[in-house]
There are 2 protein chains.
Amino acid sequence: MTNIYEIAKKAEVSHMTVSRVFNNPDLVGKKTREKIISIANELGYRPSQIARSMRTKKTNYIGLVLPDILNPFFPEVVRGVDDYARRNKYNVILVNTDNDYEVQTSSMEVFINRGIDGVILGGIAGGKKDTELLNKMIKKDIPVVLIDRFIPSVNSSYVITDNVKAAYEATQYLVRLGHRKIGIVSSPQKIKIFHDRLLGYKKALEDNDIEFREEYVCEGEEVVESGYETFKKLLEKINGFTAIFSMSDFMSFGIYKYCKEKTISIPDDISIISMDDIFTSAHLNPPLTTMAQQKYEMGYNAAKILIDSIRKNKLPDKQLVLEAKLIERESCRKIG
Amino acid sequence: MTNIYEIAKKAEVSHMTVSRVFNNPDLVGKKTREKIISIANELGYRPSQIARSMRTKKTNYIGLVLPDILNPFFPEVVRGVDDYARRNKYNVILVNTDNDYEVQTSSMEVFINRGIDGVILGGIAGGKKDTELLNKMIKKDIPVVLIDRFIPSVNSSYVITDNVKAAYEATQYLVRLGHRKIGIVSSPQKIKIFHDRLLGYKKALEDNDIEFREEYVCEGEEVVESGYETFKKLLEKINGFTAIFSMSDFMSFGIYKYCKEKTISIPDDISIISMDDIFTSAHLNPPLTTMAQQKYEMGYNAAKILIDSIRKNKLPDKQLVLEAKLIERESCRKIG
DNA sequence: GTGAAAGCGCTAACAT
DNA sequence: ATGTTAGCGCTTTCAC
């Protein structure tokens, strides 16, 4: 590997002049500069980012920790993060935790050892350990931006969707279509954003003088199989729902599966609305009506906030709330 | 940031003894070792991976370059790569090229500057520029393992599916169901693996004494919209296909969309088989019959081959061919 | 506009 | 079992 000394020798200047050509070209005379550039090209010189990091304490790496890359929600987020990062000369270190808390924690350790400049953290659940981890990162002055989820008790930066509003609008939509008996296939309520979705649902019922009933809510995990099971349980408990608000498209896939098995027709027998608008929701039969989250923007803006804060050398504090948008397809029908 | 000198001072040993504790603990006396570890913990010491890389010329980073992270084929690959890498103390730098050749090339430059240990490269198309890029990497002694696709003229390491065989089996399956007029919705034939799929199809026809007809093949890009368009073109050209072999599930989604619009019933009017078995193919209506590729294994093994070769300090040369497996669902029916 | 010296934190190589 | 020396390739600082 050729280095600045080798070039310096050939160009008969000091290595510092070579260094300047690549960092502050204006400080070097035109002639010298051109000579050095020409020699550098000739020798195929490439500055060592490692040596640079060693001195500057900046690596131009950011970490991206995701709970489940198989959920089509996240690839779009990845795309947004990667696009912004690459255009700004940062690279993304991806870690998929598969919802394993151990992996999440140890990744942070690794990131610190690697001198990473900042972290985008998705899928934080909000338990005691999560809170501790987040506080620890803040205390160590490592910039963290949360995406998709956040922890109310920790004053961190995040990019999320307005979940209360999205759930409110989804429920309003169903009510407008004449539905009053609306079941909920819920993701874990201990996670704040899913709790917010329940809040939005409740508020919509209230505004329409419909009584909220605890037994209309059934809770599961945010995976396809659990959508199936949770929906099944809900139907076994209560009869005669005309509509369901599912908290994520991923779970709705399970609902569709169950309906197919039991020849329950969507939307003739039951209307379904959910949230996310992940890829292929449009390709279900019938195409799924859902509150689309701005996934690409979520990733893109998280990267922007993070990198801006790194450049300013201070912890990020921006909290961005994106709007969800109703995508009306064919899984809901008017009744009554 | 505390370093080995600080610890050495406190422990009244040389910095080398501290270094040894973290690299060759056996070479250090038990008592000294324990003392050093205790002080290190107390001070919250973490070895700087950057300084380490500076000396050893190893970063423990591998690059993963993918053409389209939105295609659900790739998240599974990512998961495989990430799992193997993490367990072996490597981290993955992800780049999504969106099929932009410029991004692919410049990523390699960045990787080289960053002193990355090796690269897993997906979605290489096989054109002149791709060939040059690959040869350049090999010449620079940077280990590269290709996944999903390969270039026959370059003697590189890769992990792919046996595409000839998979297409052969898919076609055989259709023939066994009584189909003889089988159309092809093809991905770009200039890419070797898709050409191989055509070869498999042809071979199956030949073995069953069915004449191959050029006009039964229609070519598009590997995205949903193109699946729609290509299928449409194919039907406009030729009438009366009883079955279609689609070269990827992604394109099949487009076929389903077209069929829905034109109320063509799958499998009553036409049978569809394809390749990949991406997530949600099982959730289409009817569930898609397809040749499942071993996506996780592809990623996992590519990472294994790459990291093995890095550790042995030689370029990877292993070429692994995985089998596809028929997943019989409901998009094909028996006729005649 | 250019250069000399020092040092980032670590490990390889060679001592003892 | 432990220590000494040198140096990885770069940038910061200060000097001219």
Side-chain angles (χ1 to χ4, degrees), chain A residues 1-37 39-40 43-61 89 109-117 313, chain B residues 1-37 39-40 43-61 89 109-117 141 311 313:
Chain A
M1 214 53 187
T2 113
N3 60 26
I4 48 173
Y5 291 95
E6 198 178 323
I7 295 171
K9 202 173 158 192
K10 269 218 166 177
E12 294 172 301
V13 292
S14 93
H15 72 280
M16 267 318 296
T17 306
V18 179
S19 174
R20 283 190 189 101
V21 168
F22 292 97
N23 294 291
N24 299 298
D26 300 344
L27 300 181
V28 179
K30 194 169 173 243
K31 246 175 133 176
T32 338
R33 195 193 322 145
E34 279 166 0
K35 187 176 180 189
I36 288 172
I37 288 173
I39 293 174
L43 298 179
Y45 168 74
R46 9 188 94 266
S48 159
Q49 178 62 42
I50 299 171
R52 200 173 257 174
S53 296
M54 179 101 184
R55 285 258 33 175
T56 61
K57 305 290 162 205
K58 293 282 176 209
T59 54
N60 277 39
Y61 277 123
K89 304 202 178 303
E109 298 292 322
V110 173
F111 284 171
I112 294 172
N113 297 354
R114 284 189 174 286
I116 223 171
D117 294 341
N313 226 330
Chain B
M1 214 54 187
T2 114
N3 60 27
I4 48 173
Y5 289 95
E6 198 178 324
I7 295 171
K9 203 172 157 190
K10 269 217 166 178
E12 293 173 302
V13 293
S14 94
H15 72 280
M16 267 319 293
T17 306
V18 180
S19 174
R20 283 191 189 98
V21 168
F22 292 97
N23 293 291
N24 298 299
D26 300 345
L27 300 181
V28 180
K30 192 167 174 246
K31 245 176 135 175
T32 338
R33 196 195 321 145
E34 280 164 1
K35 187 176 179 189
I36 288 172
I37 288 173
I39 293 174
L43 298 179
Y45 168 74
R46 9 187 93 265
S48 158
Q49 177 62 42
I50 299 172
R52 200 174 258 174
S53 296
M54 180 100 184
R55 282 261 30 175
T56 60
K57 304 289 159 206
K58 294 282 176 209
T59 54
N60 277 40
Y61 277 123
K89 304 203 179 300
E109 299 291 321
V110 173
F111 285 170
I112 295 172
N113 297 354
R114 285 190 172 287
I116 223 172
D117 293 342
D141 257 343
R311 287 185 172 151
N313 225 333

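Sequence lines set the chain letters: A, B, ... in the order given, protein chains first and strands last, and positions in each chain run from 1. Excluded from the calculations below are hydrogen atoms, water molecules and symmetry mates; all remaining heavy atoms, backbone and side chain alike, are included.
Helix-axis bend for the helix from C/dG1-D/dC16 to C/dT16-D/dA1: the local axis fitted to the five terminal pairs at one end deviates from that at the other end by 30°, rounded to 10°.
Residues A/K58 and A/R52 fail the side-chain proximity criterion, which asks for heavy atoms closer than 4.5 Å. Side-chain contact between B/Q49 and A/V110 is absent, with no heavy-atom pair separated by less than 4.5 Å. Taking the side chain as every heavy atom from C-beta outward, A/I116 and A/I112 never approach each other to under 4.5 Å. Taking 4.5 Å as the limit, every side-chain heavy atom of A/K10 sits out of range of all side-chain heavy atoms of A/I36.
For residues 19-37 of chain A, the pairs satisfying salt bridge (Lys or Arg N to Asp or Glu O under 4.0 Å) are A/K30-A/E34, with sequence neighbours left out. Evaluation of the ring-ring contact (aromatic ring centres under 6.0 Å, His included) test over residues 16-35 of chain B, restricted to residues two or more places apart or in two chains, returns B/F22-B/Y45.
Under the ring pair (Phe, Tyr, Trp, His ring centres under 6.0 Å) criterion, B/F111 pairs with no residue at all, not counting sequence neighbours.
Summarising the geometry, the separation between CD1 on A/I36 and P on C/dG1 is reported as 13 Å, rounded to the nearest angstrom. Nucleotide D/dC10 holds its P atom 10 Å from the CD atom of A/E6, rounded to whole Å. We find that NZ of A/K30 is positioned 14 Å from P of C/dT2, with the value rounded to whole Å. When rounded to the nearest whole Å, the span between CZ of B/R114 and P of D/dG9 equals 18 Å. The NZ-P distance, from A/K31 to C/dT2, rounds to 11 Å in whole Å.
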Give every donor-acceptor pair under 3.5 Å between a side-chain atom in residues 1-9 of chain A and any protein atom, sequence neighbours left out.
| unit_1 | atom_1 | unit_2 | atom_2 | d |
| --- | --- | --- | --- | --- |
| A/N3 | OD1 | A/Y5 | N | 3.1 |
| A/N3 | OD1 | A/E6 | N | 3.1 |

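At D/dG3, one or more side-chain N or O atoms of B/T17 fall inside 4.0 Å of OP1 or OP2 (strictly under the cut-off).
When heavy atoms are screened at a 4.0 angstrom cut-off, B/T32 is found touching the sugar-phosphate backbone but no base atom.
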> What string of B, S and - do you get for nucleotides 8-16 of chain C 5' to 3' if you count protein non-hydrogen atoms under 4.0 Å?
Replying inline: BBBBB----

